[in-house]
> 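One structure follows; several queries about it will come next.
These numbers come from the heavy atoms of this one structure, side chains and all, not from hydrogens, waters or symmetry mates.
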Amino acid sequence: MEKSEETFEVNLTGRRMDKPILVRPEQTTDGIPVYHCFLEGASISQLRQEPSGEWVQIWGDFSPQVVQQLGEAISRHTG
């Protein structure tokens, strides 16, 4: 994978995480970016958006609701 663009921060409002999540996108060989998510320097999840538009968690232990909320925050930043 190669780096596709610079890192950015997103916030999950209404969640217990009161600190911003740092997101680092990487382009994959299939052309769909993977978003590496970090909280206070620690890797906490990896997400990607399927061609159907659904956000899926590749790695991590977020609930489906948090994955969707984080995906929406990423979409707002990248869209």
> I'd like to check the side-chain hydrogen bond (donor to acceptor under 3.5 Å, both in side chains) partners of Q57; sequence neighbours left out, ordered by chain and number.
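Listed in chain order: S45.
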> Run the ring pair (Phe, Tyr, Trp, His ring centres under 6.0 Å) test on W55 and Y35 for me, step by step, so that the C-alpha distance in whole Å, both residues' side-chain angles and the decisive distance to 0.1 Å come before the verdict.
CA-CA 11 Å; W55 283 93; Y35 296 92; 5.6 Å; yes
> Which heavy atom of Q27 sits nearest a heavy atom of P33, and at what distance?
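That would be OE1-N, 3.7 Å.
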> Just to verify, what does D30 make a salt bridge (charged side-chain N to carboxylate O under 4.0 Å, His left out) with, not counting sequence neighbours?
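Only R48 meet the salt bridge (charged side-chain N to carboxylate O under 4.0 Å, His left out) criterion with D30.
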> Give a yes or no answer on whether the side chain of E50 reaches the backbone of E54 with a donor-acceptor pair at less than 3.5 Å.
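Checking the backbone N and O of E54 against the side chain of E50, no donor-acceptor pair under 3.5 Å is found.
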> Quick check: is V56 connected to I74 through a chain of hydrophobic side chains (ILVMFWY, heavy atoms under 4.5 Å apart)?
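They do not share one cluster, since no chain of ILVMFWY contacts under 4.5 Å joins I74 to V56.
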> Would you give the length of the straight line joining atom CD1 of I58 to atom CG of L47, rounded to the nearest 0.5 angstrom?
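Rounded to the nearest 0.5 Å, the CD1-CG separation comes to 7.5 Å.
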> If you round to the nearest 0.5 Å, how far is OG of S43 from NE2 of H36?
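If we round to the nearest 0.5 Å, H36:NE2 and S43:OG are 8.0 Å apart.
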> Let me confirm one number: the CD1-CD1 distance from I44 to I21, rounded to the nearest 0.5 Å.
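Between atom CD1 of I44 and atom CD1 of I21 there are 4.5 Å.
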> Which residues end up grouped with W59 if you chain together Ile, Leu, Val, Met, Phe, Trp and Tyr wherever their side-chain heavy atoms are less than 4.5 Å apart?
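ILVMFWY cluster around W59 holds nothing else.
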> Which residues pass the side-chain contact (heavy atoms from CB on, under 4.5 Å) test with L22, sequence neighbours left out?
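With sequence neighbours excluded, L22 shows a side-chain contact (heavy atoms from CB on, under 4.5 Å) to T7, E9, F38, given in chain and number order.
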> Suppose we screen for side-chain hydrogen bond (donor to acceptor under 3.5 Å, both in side chains). Which residues come up paired with Q68, at least two apart in sequence or across chains?
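Q68: side-chain hydrogen bond (donor to acceptor under 3.5 Å, both in side chains) contacts with E72.
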> In sequence, state the C-alpha distance, the side-chain angles, and the governing distance for C37 and Q46, and then conclude on side-chain contact (heavy atoms from CB on, under 4.5 Å).
CA-CA 6 Å; C37 304; Q46 292 178 6; over 6 Å; no
> Between Q65 and S63, do the side chains contain an N or O donor and an N or O acceptor separated by less than 3.5 Å?
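Judged by distance alone, the side chains do pair up.
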> Which heavy atom of L39 sits nearest a heavy atom of P20, and at what distance?
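Nearest pair, atom of L39 first, then P20: CD1-O, 3.7 Å.
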> Any chain of hydrophobic side-chain contacts (each under 4.5 Å) joining V23 to I32?
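V23 and I32: separate clusters.
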